[in-house]
Amino acid sequence: MPGSAKAMTAATVGGLVLVTAYTVALGSNGWLWFSWVVLGLLTVGVVVARG
């Protein structure tokens with residue numbers, strides 16, 4: 001996996017941790033989860049394109 005795909009994967013996992021922590025602390029925010037899903041789909045696209 002090239003460096004950019006690794007960086008996007010790390011950002012996606014980090015984003016999941018942050019969104020989950022936000023949800024636990026302050027309650028769910030649909031826009032945050034939607035943004036994370038979009039980031040996840042972009043990451044999957046980059047990994048597949050470079051794979």
- Nearest atoms (heavy-atom pairs only) where Ala5 meets Val47: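 Taking every non-hydrogen atom into account, CB-CG2, 4.2 Å.
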- Message: How close do Thr12 and Gly40 get, counting heavy atoms only, and between which atoms?
- Response: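 Closest pair (atom of Thr12, atom of Gly40, distance): CG2-CA, 3.9 Å.
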Expected list for residues 27-35: side-chain donor-acceptor pairs under 3.5 angstrom, two or more places apart:
unit_1	atom_1	unit_2	atom_2	d
Asn29	OD1	Trp31	N	3.0
Trp33	NE1	Thr23	OG1	3.1
Ser35	OG	Trp31	O	2.8

Within one Ile-Leu-Val-Met-Phe-Trp-Tyr cluster: [X] and [Y], side-chain cutoff 4.5 Å:
X	Y	result
Val17	Leu39	no
Val19	Tyr22	yes
Leu42	Val37	no

- Item | Gap separating the CE atom of Met8 from the CZ atom of Arg50, nearest 0.5 angstrom |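 Interatomic distance, Met8 CE to Arg50 CZ, rounded to 0.5 Å: 9.5 Å.
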- Is there a donor-acceptor contact under 3.5 Å linking the side chains of Thr43 and Thr9?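 The criterion, which ignores hydrogens and geometry beyond distance, is not satisfied for Thr9 and Thr43.
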